[in-house]
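Working notes, structure below.
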Amino acid sequence: MKSLFNEVTKNEIIDRINNLSYKDQAKWGKMNVSQMLFHCQYLLKIALQEDNLDLRPNIFAILFFKKSLYNDRPWRKNLPTHSKLKVMYPKVFETEKRSLLSLIETIYHKKEDPWGKHPIFGKFSSEQWGKLQYKHLDHHLRQFGK
């Protein structure tokens, strides 16, 4: 499984983001590309403990979904999004792209630091956080054909 903490993988994700255009259309889901770029920032901010969005632990999610967050299988299309992670308002493509790229660099350089708990899923190792971050970004980049 790829990890955002691997330099080659991080650079691959950055290249894929840089290949996005504000004109790109989603292959599935309800977000436009600018909203997706904003949405992808949530998980990075949660990992960096910059925002927990007032999410609560969920034993069902921990028992039945947590391992799928960092295993080798890609997530399926149209997975439900937690209501607090949905982006309902217009966003500015270039602004969100710059913010997301900055957060990716920040989290890449933090890769060895101790990590806090995910507000829903609890404790992740550094390896699990890196895989989760990659998997989330990959899922949404595939959503827009990148």
Side-chain angles (χ1 to χ4, degrees), residues 1-20 26-144 146:
M1 177 73 208
K2 291 183 176 183
S3 168
L4 196 59
F5 297 151
N6 173 282
E7 186 174 14
V8 171
T9 301
K10 175 196 65 121
N11 291 336
E12 169 209 319
I13 289 291
I14 289 171
D15 288 345
R16 290 167 67 188
I17 292 168
N18 282 327
N19 283 321
L20 288 168
K27 295 181 174 192
W28 71 83
K30 297 177 182 175
M31 291 185 285
N32 65 37
V33 68
S34 301
Q35 291 169 321
M36 177 274 290
L37 291 168
F38 182 84
H39 166 83
C40 286
Q41 295 172 48
Y42 284 138
L43 190 56
L44 295 160
K45 288 179 179 179
I46 287 170
L48 293 166
Q49 305 233 309
E50 292 180 7
D51 197 339
N52 71 11
L53 298 166
D54 198 30
L55 300 171
R56 302 281 185 243
N58 182 315
I59 192 68
F60 176 81
I62 292 168
L63 292 175
F64 296 103
F65 190 64
K66 184 175 180 177
K67 287 184 181 179
S68 73
L69 297 176
Y70 48 80
N71 68 15
D72 289 336
R73 287 193 310 231
W75 293 338
R76 64 178 170 80
K77 299 174 185 177
N78 292 312
L79 284 173
T81 302
H82 191 290
S83 62
K84 292 186 178 179
L85 302 176
K86 290 181 179 179
V87 182
M88 306 304 290
Y89 301 101
K91 297 294 176 185
V92 177
F93 178 80
E94 286 299 328
T95 300
E96 302 311 334
K97 181 177 163 183
R98 273 192 310 276
S99 295
L100 179 58
L101 291 171
S102 176
L103 282 166
I104 289 170
E105 288 295 341
T106 299
I107 205 161
Y108 172 77
H109 291 289
K110 180 184 164 53
K111 62 186 166 192
E112 298 301 326
D113 289 349
W115 294 93
K117 291 182 178 181
H118 188 285
I120 294 175
F121 297 103
K123 185 163 177 47
F124 285 111
S125 68
S126 180
E127 179 183 359
Q128 291 166 331
W129 272 116
K131 290 177 179 180
L132 169 59
Q133 297 299 340
Y134 170 79
K135 196 166 183 176
H136 184 242
L137 290 164
D138 175 68
H139 173 75
H140 286 293
L141 289 167
R142 285 186 296 106
Q143 180 183 12
F144 286 86
K146 303 298 179 196

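Quick note: residue numbers are just sequence positions, from 1. Computed from a prediction, not measured in an experiment: that's the story for all the values here.
- Looking at every heavy atom in both residues, Pro119 comes nearest to Ile46 through CD-CG2, 3.4 Å.
- Residues Phe5 and Lys10 form no side-chain contact, since every pair of their non-hydrogen atoms from C-beta on lies 4.5 Å or further apart.
- The structure places CD1 of Ile107 at 4.0 Å from CD of Gln133, a figure rounded to the nearest 0.5 Å.
- The shortest side-chain heavy-atom distance between Leu37 and Lys91 does not fall under the 4.5 Å cut-off.
- Using modelled atom types, one side-chain atom of Ser126 and one backbone atom of Lys111 make a donor-acceptor pair closer than 3.5 Å.
- Note on ring orientation: taking the six-membered ring where Trp is involved, the planes of Phe124 and Phe121 are tilted (angle from 30° to 60°).
- Ring geometry, His39 versus His140: the interplanar angle exceeds 60°, so the pair is classed perpendicular (tilted spans 30 to 60°).
- Interatomic distance, NE2 of His136 versus SG of Cys40, reported as 5.0 Å (0.5 Å rounding).
- Under the 4.5 Å side-chain criterion, counting only non-hydrogen atoms from C-beta, Met1 is not in contact with Tyr70.
- Between the side chain of Gln35 and the main chain of Tyr89, a donor-acceptor pair closer than 3.5 Å is present.
- Annotation: Tyr134 is not in aromatic contact with Trp75 [ring centroid separation under 6.0 Å not met].
- At least one side-chain heavy atom of Leu44 sits under 4.5 Å from a side-chain heavy atom of Leu4.
- Closest heavy-atom contact between Leu20 and Lys97: O-NZ, 4.5 Å.
- Side-chain contact between Pro74 and His139 is absent, with no heavy-atom pair separated by less than 4.5 Å.
- For the pair Trp129/His118, a side-chain contact is recorded, criterion being any heavy-atom separation below 4.5 Å from C-beta on.
- Of all heavy-atom pairs spanning Thr9 and Lys2, the tightest one is CG2-CB, 3.8 Å.
- In this structure the side chain of Glu50 reaches within 4.5 angstrom of the side chain of Leu103, judged on heavy atoms.
- Listed for the Glu96 side chain is no donor-acceptor partner under 3.5 Å among the backbone atoms of Phe93.
- Side-chain contact between Phe38 and Leu100: absent, with no pair of heavy atoms (C-beta onward) separated by less than 4.5 Å.
- Heavy-atom minimum distance, Asn78 versus Gly29: OD1-N, 3.3 Å.
- Between the CD atom of Gln143 and the CG atom of Leu137 there is a distance of 12.0 Å, given to the nearest 0.5 Å.
- Checking side-chain atoms of Ser102 against main-chain N and O of Arg98 turns up no donor-acceptor pair under 3.5 Å.
- Rounding to the nearest 0.5 Å places CE of Met31 at 7.5 Å from CE of Met36.
- Listed here is the closest heavy atom pair of Glu105 and Ile14: OE2-CD1, 3.2 Å.
- Electrostatic pairing of Arg16 and Asp138 counts as a salt bridge here, judged by a charged N lying under 4.0 Å from a carboxylate O.
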Derivation and outcome, side-chain contact (heavy atoms from CB on, under 4.5 Å), residues Leu101 and Asn18
CA-CA 9 Å; Leu101 291 171; Asn18 282 327; 3.6 Å; yes
Check against side-chain contact (heavy atoms from CB on, under 4.5 Å), Glu127 and Ser3:
CA-CA 7 Å; Glu127 179 183 359; Ser3 168; over 6 Å; no
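- Residues Lys135 and Asn71 have side chains that bring a donor and an acceptor to within less than 3.5 angstrom of each other.
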